[in-house]
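Just so we're clear, the structure is a prediction, and the values are computed from it rather than from any experiment. Start at 1 and go down the list; that is how both ligands and their atoms are numbered.
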Amino acid sequence: MKIALIGCGNIGTIIAKAIEEKKVDAKLECVYDIIEERGKEFAKKFVSTYKKFDDILKEDLDLIIEAASQEAVRTLIPRALKAKKNVMIMSAGALVDEKLFHEIKELTDKNRLKVYIPSGAIAGLDGIKSANIIEIENVMLKTRKPPKSLEGAPFFEKYHVNLNDIKNPTIIYEGPAKEAVRLFPQNVNIAASLSLAGIGPEKTKVQIIADPNIKSNIHEIIAEGKFGVLKTRVENIPSPDNPKTSYLAALSAIATLKKITEPIQIGT
Ligand SMILES: NC(=O)c1ccc[n+]([C@@H]2O[C@H](COP(=O)([O-])OP(=O)(O)OC[C@H]3O[C@@H](n4cnc5c(N)ncnc54)[C@H](O)[C@@H]3O)[C@@H](O)[C@H]2O)c1
């Protein structure tokens with residue numbers, strides 16, 4: 001499988017290493033990063049080629065992986081689909097914007113393409129998708145993070161909370177996934193994937209807890225419906241280079257690549 005990568009950061013590095021170590025049957029043809037210098041260094045390290053995004057679109061590729069930012073999803077993914085490329089989206093938070101989601105959906109239908117959205121740092125999307133065949137009544141994502149990993153979120157421009165003063169677990173935010181993703185764009189992409197697999201970004205509830213007593217990012221899902229009750233909990237180790245990103249999120253991208261390339265598909 002011939003791949004291009006947008007975003008040469010933490011997730012991009014973990015994906016490139018997996019390809020280099022032949023954990024996936026794929027070749028990293030070319031890379032792009034908004035910071036050209038970073039992209040060029042990355043290309044050298046992983047024996048690939050740095051290209052401008054317009055030139056990436058001219059390549060013969062099986063898949064373009066976005067591991068950059070919600071802004072990259074908004075500006076680059078529709079162009080990739082117009083150029084008839086399949087895509088994988090890590091910054092899934094961008095997809096709670098209905099206009100963008102519909103544009104992407106129309107382009108995939110028209111050009112017979114695939115958009116892959118890995119599960120990220122949560123477990124249970126398989127059960128949510130199955131349950132959604134009949135009816136899910138409610139879905140809640142409880143995300144517990146060390147206060148430091150929430151730093152810099154747009155939420156704090158509006159609400160003045162001093163994260164250094166938090167001495168006990170504190171609910172920082174409670175509301176619909178649609179808003180959570182906007183206020184914490186680098187922290188709760190999973191709220192978007194959970195919404196898209198289930199009952200949508202307005203009905204899916206999110207609670208964000210700043211907890212000074214933990215080192216991992218803990219994500220719990222609780223869903224109820226005609227199928228019964230689903231509860232999952234993952235205690236994620238943060239990635240060494242970016243504490244906002246759970247290691248499992250990057251691994252889920254690699255697992256998705258394996259799912260695309262391997263003939264036997266296990267799991268829903
Ligand atoms: N789906 C999930 O579960 C999940 C989990 C963790 C992170 N993420 C998201 O995945 C993305 C990558 O995460 P990361 O930890 O690798 O981040 P990172 O900051 O380590 O790396 C991102 C890289 O992308 C580049 N970049 C940013 N905007 C760009 C653009 N418009 N065009 C090209 N390059 C651009 C940056 O320069 C940087 O090199 C982030 O948006 C993050 O929020 C998703």
Side-chain angles (χ1 to χ4, degrees), residues 4-18 30-43 45-46 48 50-57 64-80 87-97 100 115-125 141 143 145 149-155 177 180-197 201 206 216-219 221 232 234 236-257:
L5 175 69
I6 310 170
C8 301
N10 173 52
I11 293 182
T13 301
I14 296 170
I15 294 172
K17 272 190 191 148
C30 42
V31 301
Y32 167 70
D33 196 290
I34 202 162
I35 303 172
E36 192 169 326
E37 202 48 43
R38 184 179 294 172
K40 284 185 169 161
E41 254 174 52
F42 186 98
K45 189 167 166 198
F46 291 106
S48 184
Y50 180 83
K51 284 187 188 279
K52 298 219 177 300
F53 188 68
D54 281 342
D55 294 328
I56 284 195
L57 296 182
I64 296 182
I65 302 175
E66 175 282 321
S69 60
Q70 290 191 22
E71 186 55 20
V73 177
R74 282 188 279 272
T75 55
L76 307 181
I77 293 301
R79 289 172 61 199
V87 298
M88 183 190 291
I89 295 176
M90 290 309 293
S91 309
L95 302 177
V96 300
D97 173 354
L100 178 66
V115 174
Y116 301 97
I117 303 164
S119 300
I122 46 174
L125 287 196
L141 169 70
T143 286
K145 294 197 169 206
S149 71
L150 294 167
E151 266 175 11
F155 172 84
V181 164
R182 191 169 47 79
L183 295 175
F184 298 90
Q186 290 186 296
N187 299 99
V188 286
N189 279 293
I190 42 167
S193 13
L194 178 62
S195 307
L196 296 172
V206 177
S216 54
N217 298 326
I218 301 174
H219 299 304
I221 295 172
T232 70
V234 183
N236 285 285
I237 307 261
S239 293
D241 298 334
N242 183 352
K244 288 189 175 73
T245 292
S246 301
Y247 196 22
L248 191 68
L251 298 176
S252 82
I254 299 163
T256 304
L257 287 178

Hey, does E71 come in under 3.5 Å of ligand 1, counting only N/O atoms on both sides? no
Just to confirm my output: which protein heavy-atom neighbour is closest to atom 5 (C) of ligand 1, and how far is it? A249 CB, 3.3 Å
Can you name the one residue among E66, Q70, Q186 that meets side-chain hydrogen bond (donor to acceptor under 3.5 Å, both in side chains) with S91? E66
For N187, is there any backbone N or O sitting under 3.5 Å from a side-chain donor or acceptor partner on K145? yes
Proximity winner for atom 15 (O) of ligand 1, if only heavy atoms of T245, D33, L248 are counted: T245
N10 N/O to ligand 1 N/O under 3.5 Å: yes
Below 4.0 angstrom from a heavy atom of Y32, which ligand 1 atoms are there? Numbered from 1 as shown, please. 32 (N), 33 (C)
Return the residue, atom name and 0.1 Å-rounded distance of the protein heavy atom closest to atom 21 (O) of ligand 1. G9 CA, 3.2 Å
Carboxylate-amine/guanidinium proximity below 4.0 Å for E37 and K40: no
Around atom 3 (O) of ligand 1, find the nearest protein heavy atom and jot down its residue, atom name and distance. G120 CA, 3.2 Å
So if I count the atoms of ligand 1 from 1 in the order they appear, which ones are less than 4.0 Å from some heavy atom of I190? 3 (O)
Which residue holds the protein heavy atom closest to atom 1 (N) of ligand 1, what is that atom called, and what is the gap in Å? M90 O, 2.8 Å
Looking only at protein heavy atoms, which one is nearest to atom 26 (N) of ligand 1, and how far off is it? A68 CB, 3.6 Å
Atom 19 (O) of ligand 1 has as its nearest protein heavy atom N242 ND2, 3.8 Å
Heavy-atom contact check, 4.0 Å cutoff: does A121 meet ligand 1? yes
Which atoms form the tightest heavy-atom contact between A192 and G93, and what is the distance? CB-CA, 3.6 Å
Test your reading of the structure: does S69 have an N or O sitting under 3.5 Å from an N or O of ligand 1? yes
What part of N189, side chain from CB on, backbone N/CA/C/O, both or neither, has a heavy atom under 4.0 Å from ligand 1? side chain
Can you list the atoms of ligand 1 that are under 4.0 Å from a heavy atom of G7? 23 (C), 24 (O)
Which atom of D33 lies closest to which atom of G9, heavy atoms considered: OD2-N, 4.4 Å
Within the 4.0 Å heavy-atom shell around R38, which atoms of ligand 1 are there? 36 (C), 37 (O), 38 (C), 39 (O)
Short question: side chain of S119, backbone of I122 - any donor-acceptor pair under 3.5 Å? no
Taking only heavy atoms of A72 into account, list the atoms of ligand 1 that are under 4.0 Å away from them. 30 (C), 31 (N)
Nearest heavy-atom neighbours spanning A197 and L125: CB-CD2, 4.0 Å
Determine yes or no for a side-chain-to-main-chain donor-acceptor pair under 3.5 angstrom, with N217 supplying the side chain and T143 the backbone. no
Of the listed options I11, I6, I35, closest to atom 14 (P) of ligand 1 (non-hydrogen atoms): I11
Please answer whether the main-chain N or O of S216 pairs with a side-chain N or O of N236 as donor and acceptor at a distance below 3.5 Å. no
S239 side chain vs T245 backbone, donor-acceptor pair below 3.5 Å: yes
Which residue and atom name correspond to the protein heavy atom nearest atom 41 (O) of ligand 1, and how close is it? S91 OG, 2.6 Å
Would you say CZ of F155 has more than 12 non-hydrogen atoms from neighbouring residues, nucleotides or ligands within 6.0 angstrom? yes
Is there a donor-acceptor contact under 3.5 Å from the side chain of E36 to the main chain of G39? no
Among all protein heavy atoms in this structure, tell me which lies nearest to atom 34 (N) of ligand 1, with the distance rounded to 0.1 Å. I34 N, 3.1 Å
